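Given the structure is predicted, the values throughout are model-derived calculations rather than measurements.
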Amino acid sequence: MRIPTRTLVTACALSVALLAAGCAGAGVKQTRVGDLVFLQAAGERGPGPFTDSAATGPTPSDSPRIGAKVSAGELSAPLRAARTVSGATPGLYRGTPRVARCDAERHIRYLAADPARADAFAGVVGVRRAALPAYLRGLTPVVLGADTRVTNHAYQGRRADDYQAVLQAGTAVLVDDRGLPRVRCACGNPLAPPAPTRGGASARGTPWPGYRPNKVVVVSPAPRAVTSLTLVDAGHRTWTERRVGHDVRRDRVVPPPARTTTSPSPTTRATATPTPTAPTTPADRAPTPTAPSAHVPDTHGTPGAPRLPGASRTSGVPGTPDLPAADGA
């Protein structure tokens, strides 16, 4: 593949090693302009889906509508600057009371019908194939409230191949008891926290209306297992406490999180800096309840909706101040 001259000039200016090598010959072949991160719209299954879709209901277009003009193909995406938000943050995820947008039982049946796929899936999430039903039933169905960076996995050649992706807000996922996305429901793919990009990142795919690279978030694990997540239904201005697990019949409507004037960084609310953790099985969990806080993503002025991280003003829903910036992956 021919590397554009302009890219080579930039690489030479930034790399002493390449300057010493004359930025030619073998040095050119070894140059990495940046890692590819694939853009995946909410209803798009993507390459190498593990299963048929387990998503239920319509697929809304929940990305912020800000009128950004972007074109298909490869575009510059400074994803290393993505904001990091704790998985236990109230309002990080969307949800309607007692409505699951992902059918865990359907996903269990899909994997049970193909042992090779089940083995590949189990290898990613770190459990035995026989433990997959319990593992999947222990995950919680939610909808992404912001464009979110993850490590996705395609099923190819009887194995799971990982790749970096940005999932559109509105994507139905299953999250674990630390608030980390673990399954993408439209394709059954296992998910993991994103890997750090080297030398920046280039996004590949068709951007959706409102896609902004600097508004992408990275979810960090809550410092300890939680028993519930606080979701927001922006359309109905409703906050819901959803117990961890696949059963949404125990959902209950709760008051909005209290507004505060001081917003500490999401990564400093815990007693220790969160780091990616291996998924837990129900037997391993030592849950603790979550307490509503004021750190809520921003949807760029959508009436009645919380705002995605990084905006400059508060939303129209009571108790929804801005999220501050934090270092991303």
Side-chain angles (χ1 to χ4, degrees), residues 54 84-105 107-108 125-127 131-146 148 150 172-185 190-193 217-233 238-258 260 264 266-297 306 319-320 323:
T84 300
V85 185
S86 169
T89 303
L92 172 62
Y93 298 119
R94 308 277 182 85
T96 301
R98 291 174 291 282
V99 175
R101 289 279 304 280
C102 190
D103 190 338
E105 296 297 331
H107 191 47
I108 291 169
V125 301
V127 302
L132 280 177
Y135 172 79
L136 291 168
R137 291 185 183 113
L139 302 179
T140 308
V142 298
V143 173
L144 297 180
T148 303
V150 297
V173 296
L174 297 176
V175 301
D176 66 13
D177 59 6
R178 301 295 182 94
L180 290 176
R182 290 299 185 184
V183 180
R184 185 169 183 258
C185 301
L191 303 175
V217 303
V218 170
V219 180
S220 66
R224 57 186 62 85
V226 299
T227 59
S228 64
L229 297 169
T230 303
L231 315 179
V232 65
D233 183 338
T238 301
W239 294 84
T240 300
E241 182 184 80
R242 176 164 293 175
R243 300 280 293 179
V244 168
H246 73 291
D247 188 356
V248 299
R249 293 174 297 178
R250 299 176 294 172
D251 286 359
R252 67 186 188 96
V253 176
V254 295
T260 61
T267 57
T268 62
R269 292 199 308 270
T271 56
T273 302
T275 54
T277 59
T280 57
T281 60
D284 297 330
R285 293 173 180 145
T288 57
T290 56
S293 76
H295 304 285
V296 182
T320 54
L323 273 172

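- Residues passing the side-chain hydrogen bond (donor to acceptor under 3.5 Å, both in side chains) test with T238, sequence neighbours excluded: none.
- With contacts defined as side-chain heavy-atom distances shorter than 4.5 Å, the pair V85/V218 does not qualify.
- Although no hydrogens or angles enter the test, the distance criterion places a donor-acceptor pair under 3.5 Å between the side chain of T148 and the main chain of A146.
- A 4.5 Å side-chain heavy-atom check between V173 and V142 finds at least one atom pair inside the cut-off.
- Counting only heavy atoms from C-beta outward, the side chains of H246 and D103 never approach each other to under 4.5 Å.
- Between L136 atom CG and R182 atom CZ the span is 12.0 Å, to the nearest 0.5 Å.
- Counting only distance, with no hydrogens or angles, the side chain of Y93 and the backbone of G179 share a donor-acceptor pair below 3.5 Å.
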**Item:** Residues L191, V183; criterion side-chain contact (heavy atoms from CB on, under 4.5 Å); working and verdict
**Value:** CA-CA 5 Å; L191 303 175; V183 180; 5.7 Å; no
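- Salt-bridge formation is not detected for the pair R178/D176: no Lys NZ or Arg NE/NH1/NH2 atom is positioned less than 4.0 Å from an Asp or Glu carboxylate oxygen.
- Residues A88 and V226 share a closest heavy-atom pair of CB-CG1, 4.2 Å.
- A heavy-atom distance below 4.5 Å is found between the side chains of P181 and V219.
- With contacts defined as side-chain heavy-atom distances shorter than 4.5 Å, the pair V127/L132 qualifies.
- Annotation: side chain of L174 is in contact with side chain of C185 (closest heavy-atom distance under 4.5 Å).
- Residues satisfying the side-chain hydrogen bond (donor to acceptor under 3.5 Å, both in side chains) test with R252, not counting sequence neighbours, are E241.
- Taking D251 as the reference, R242 meet the side-chain hydrogen bond (donor to acceptor under 3.5 Å, both in side chains) condition, with sequence neighbours excluded.
- A distance of 7.5 Å separates CG of L180 from OG of S220, quoted to the nearest 0.5 Å.
- In this structure, V248 and P141 have side chains that are in contact, with non-hydrogen atoms separated by less than 4.5 Å.
- With R94 as the partner, the side chain to side chain contact (heavy atoms under 4.5 Å, CB included) test is satisfied by one option alone out of T240, L144, D233, V143: V143.
- A 4.5 Å side-chain heavy-atom check between W239 and P257 finds at least one atom pair inside the cut-off.
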